[in-house]
Amino acid sequence: MEELKKEEKSLNFIEEIIEQDLKSGKNKSILTRFPPEPNGYLHIGHAKSICLNFGVAQKYGGKTNLRFDDTNPSTEEVEYVESIKTDLKWLGFSWANEFYASDYFDKLFEFALILIRKGLAYIDDSTAEEIASLKGTPTSPGKNNVYRSRSIEENEELFFGMKNGEFPEGSKTLRAKIDMASINMHMRDPILYRIKYANHHRTGDKWCIYPMYDFAHGQSDAIENITHSICTLEFVPHRELYNWYINKLELFPSKQYEFARLNLSYTIMSKRKLLQLVNEKHVAGWDDPRMPTLSGMRRRGYSSEAIIEFCDRIGIAKRENLIDVSLLEFCVREHLNKSAQRRMVVFDPVKVVITNWPKGKIDALTCENNPEDESAGFREIPFNGELFIEREDFMEAPPKKFFRLAVGKQVRLKSAYIITCNDIVKDSSGAIQEIHCTYVPESRSGSDTSGIKVQGTLHWVNSENSIAVQINQYDRLFKVENPSIEEGDFKNYINSESLNKVTAYAELSLLNSEVGQRFQFLRKGYYCLDKDSENKKLIFNRTVTLKDTWGQISLIDIG
RNA sequence: UGUCCGAUGGUGUAAUUGGCAACACGUCUGUUUUUGGUACAGAAGAGUCUAGGUUCGAGACCUAGUCGGACAACCA
């Protein structure tokens, strides 16, 4: 049944291309690659690309290489390399090979030499400004400069000079000799190599010239025999150049295909902007639970299963899109509902005293860990007749559809007894101090013979056997749906209330939880134990709330 | 005033390649429920950017237009 469903699911355009290529014999097998630049942490947008690249390879019996696109030493760091590998493993993908564009620096240098010798590349002494001014605009052609006609011998000699550190940074570049009047800006003599006296995270000080993206990416694909090089839409105009290099260099004919990147409502996906949030301390770090990074989402409590399911549901196409976060939230809830154990935690406590509870009696109640998963078993919770419930679960003047506690009303305490509210005690300011109830002895959970039907069930914690914990309640990082299209600085749209720390009272069993463990706090939401927790002080991150239909109704009814 | 890419319910993705638009999320109704969660049942919501054309028949093909995006870093 499951398989039938999968077979019925229509192919995305990438899968269609692959099936055609396999069918026509163009490719005997497929090889894809995931090519992150190690200049930041992976985010949910990368997850889409990862699921696509690894996903199609798995589906069609191929493999995927991990290749770090490390051609710009001034922004790239080992820390990022490590985080990327960690995130990839966490998602559950394994790569066939771990490569680096820098592995190919020697070959790339040779490739450049080939182009020079073919008269297809030249050394340009122009400044960046001069290059830009002769480049023209999308609607007007560029112009050739004097360096373009240098002899092959001179170009070769100068290129070695560049490599040997004979020229200052920025003084020379190696450019392809294509067509300064091309309708495609990327074909107007693109730069192949630039001089940079920077220490590279892998090659150290071996090189002082580094290839540009265009001169490295396609050739790296070709060297690895990548059959389908999948990237995002902004690279469409690069495709002509991608093919030009492979053609002139007579390399393996890797093909580039482009799909639309992921945009998520109320978040940003630009690595540059995310870095800014980190550097300027708007968030606690790359793994701040509000960040759309995989490390942030993991810390927040998102499961890899949920993220993969999300990537599967959003689909692959070529049109710009803005996915509603509610779909992501649906995916976490769906997975966590089945996998997370339930616990009881009271956020805003008010005391309930069971007036007919025998003095000193402690009843050990049995509580299911997850109604969606029998194998999750049970735990024991002590009950002593004095407890806390949520302040919002009691109302003095309840509206008709209020299924919770009020004077004269009955509710069930989850996994415990049905109680009847008789009275309330207020302090001098009129605030409710205690709620006095009586319990129905025959209504004990699991052996209820009372025959009483109640409309509501409340979560609670025992007044003595509970611990104070810190809860980090996270909300969306931005106030507007699409921060990147708003006027002005994106930071103007940061939600200043995206983190709200509160103290709550939790059942004792939570003391045994492990960092990263996910729970459903009954009637509240999903929470995950944060790594900053200490023995005495547990910190839970709110992943997402439960769906709250009453919250919506009460807003309308009560106002 | 250029080239390229795109346009299908609120959102996203489909439509077996030309046979009167489907699925999911979201929204709304009910049922069940010891979570106002979950599960289940159901409903509303687009006639496919516009105008022509080809065709017995067009969301799909052609032409023109409109709108949106990308392209002028020694970034990737």
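Reckoned from all heavy atoms, side chains included, excluding hydrogens, waters and symmetry mates. Order of the sequence lines sets the chain letters (A, B, ...), proteins ahead of strands, with each chain counted from 1.
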Between B:G53 and B:G10 - P atom distance, rounded Å
29 Å
For B:U16, does OP1 or OP2 lie under 4.0 Å from any side-chain N or O of A:K9?
no
On RNA chain B, compare the nucleotides closest to A:H186 and A:S126; which residue's is nearer the 5' end?
A:H186
Report yes if a side-chain nitrogen or oxygen of A:T71 is closer than 4.0 Å to either non-bridging phosphate oxygen (OP1 or OP2) of B:A76; otherwise report no.
yes
Could you tell me if the side chain of A:E368 sits less than 4.5 Å from the side chain of A:K414, heavy atoms only?
yes
What is the nucleic acid contact for A:N337, judged by heavy atoms within less than 4.0 Å: base, sugar-phosphate only, or nothing?
base
Is the phosphate of B:A14, meaning OP1 or OP2, less than 4.0 Å from a side-chain N or O of A:R319?
yes
B:G37 C1' sits how many Å from A:R518 CZ, rounded?
19 Å
Criterion salt bridge (Lys or Arg N to Asp or Glu O under 4.0 Å) on A:D312 and A:K9, from CA distance to verdict:
CA-CA 11 Å; A:D312 197 48; A:K9 196 176 173 188; 3.2 Å; yes
For A:T139 and for A:E320, locate the closest nucleotide of RNA chain B by heavy-atom distance; then report the residue assigned to the nucleotide nearer the 5' terminus.
A:T139
Using the P atom as the reference point in each nucleotide, state the distance between B:U17 and B:U13 in Å, no decimals.
22 Å
For B:U8, what is the paired nucleotide under Watson-Crick or G-U wobble rules, both distances under 3.5 Å?
none
Applying side chain to side chain donor-acceptor pair (under 3.5 Å), run through A:D69 and A:T71 and close with a yes or a no.
CA-CA 6 Å; A:D69 230 330; A:T71 56; 4.8 Å; no
Round to the nearest Å and state the distance from A:R342 atom CZ to B:U35 atom P.
11 Å
Apply side chain to side chain donor-acceptor pair (under 3.5 Å) to the pair A:N263 and A:N321, showing each step before the final yes or no.
CA-CA 6 Å; A:N263 296 297; A:N321 58 78; 4.5 Å; no
Listed nucleotide nearest any side-chain atom of A:I131, set B:C71, B:C74, B:A76
B:C74
Side-chain touch A:R476/A:T267, heavy atoms, less than 4.5 angstrom
no
Residues in contact with RNA chain B, drawn from residues 323-332 of chain A - heavy-atom cutoff 4.0 Å:
A:I323, A:D324, A:S326, A:L327, A:F330
Which value, in whole Å, describes the distance between the C1' atoms of nucleotides B:G59 and B:G19?
13 Å
Specify the separation, in whole Å, of atom CZ of A:R333 and atom P of B:U35.
18 Å
Any side-chain N or O of A:R272 less than 4.0 Å from the OP1 or OP2 oxygen of B:C75?
no
Within this structure, what is the CD1-to-P distance between A:I191 and B:A72, rounded to whole angstrom?
12 Å
For B:U27, what is the paired nucleotide under Watson-Crick or G-U wobble rules, both distances under 3.5 Å?
B:A43
Using a 4.0 Å heavy-atom cut-off across all strands, classify A:E169 as base, sugar-phosphate, or nothing.
nothing
Pick the C1' atom in B:A21 and in B:C75, then give their distance to the nearest Å.
43 Å
Considering only atom C1', compute the distance from B:U38 to B:A14 and round it to an integer number of Å.
28 Å
Whole-Å distance, A:D312 CG to B:G12 P, equals 18 Å
I'd like to check, for A:Y213, whether its ring lies over the base of B:A76 with centroids under 5.5 Å apart and a plane angle smaller than 30°.
no
Chi-angle category of B:G45 [syn within 90° of 0, anti beyond]
anti
Write down the distance separating the C1' atoms in B:A41 and B:U32, rounded off to the nearest Å.
11 Å
From CG of A:L233 over to P of B:A7, roughly how many Å is that when rounded to an integer?
11 Å
Determine whether A:I418 and A:S450 make a side-chain contact, defined as any pair of heavy atoms from C-beta on separated by less than 4.5 Å.
yes
Out of B:A76, B:U38, B:G36, minimum distance to the side chain of A:K547 belongs to B:U38
Determine, for A:K196 against A:E169, whether the closest basic-nitrogen to carboxylate-oxygen distance falls under 4.0 angstrom.
no
Give the C-alpha distance, both sets of side-chain angles, the deciding distance and a yes or no for side chain to side chain donor-acceptor pair (under 3.5 Å) between A:H238 and A:Q256.
CA-CA 9 Å; A:H238 294 246; A:Q256 175 184 301; over 6 Å; no
Both distances below 3.5 Å, Watson-Crick or wobble geometry, any strand: find the nucleotide opposite B:A22.
B:U13
State, with a plain yes or no, whether a side-chain heavy atom of A:L241 is found less than 4.5 Å away from one of A:F235.
no
Send over the distance from A:D189 CG to B:C74 C1', rounded to a whole Å.
14 Å
Base of B:U34, side chain of A:S415 - is there a donor-acceptor contact under 3.5 Å?
no
Between A:R444 and B:U34, does any side-chain N or O lie under 4.0 Å from OP1 or OP2?
no
Is the NZ or CZ atom of A:K318 both under 6.0 Å from the centre of the six-membered ring of A:F259 and within 45° of that ring's axis?
no
Which whole number of Å gives the distance between the C1' atom of B:G9 and that of B:G45?
6 Å
Rounded to whole angstroms, how far apart are CD1 on A:I44 and P on B:G12?
16 Å
Side chain of A:T457, heavy atoms from C-beta onward: which of B:A24, B:G6, B:U34 has the nearest atom to it?
B:U34
Given the C1' atoms of B:G30 and B:A44, what is the spacing between them in whole Å?
15 Å
What is the glycosidic conformation of B:U17: syn, defined as within 90° of 0, or anti?
syn
Is there a donor on the side chain of A:H238 or the base of B:A76 sitting less than 3.5 Å from an acceptor on the other?
yes
By the 4.0 Å heavy-atom rule, please label A:P371 as base, sugar-phosphate, or nothing.
base
Would you kindly say whether A:R379 and A:N369 are connected by a side-chain donor-acceptor distance under 3.5 Å?
yes
Quiz item: A:E368 side-chain donor-acceptor pair to B:U34 base, under 3.5 Å
no
Is there a donor and acceptor pair, one atom on the side chain of A:R412 and one on the base of B:U34, closer than 3.5 Å?
yes
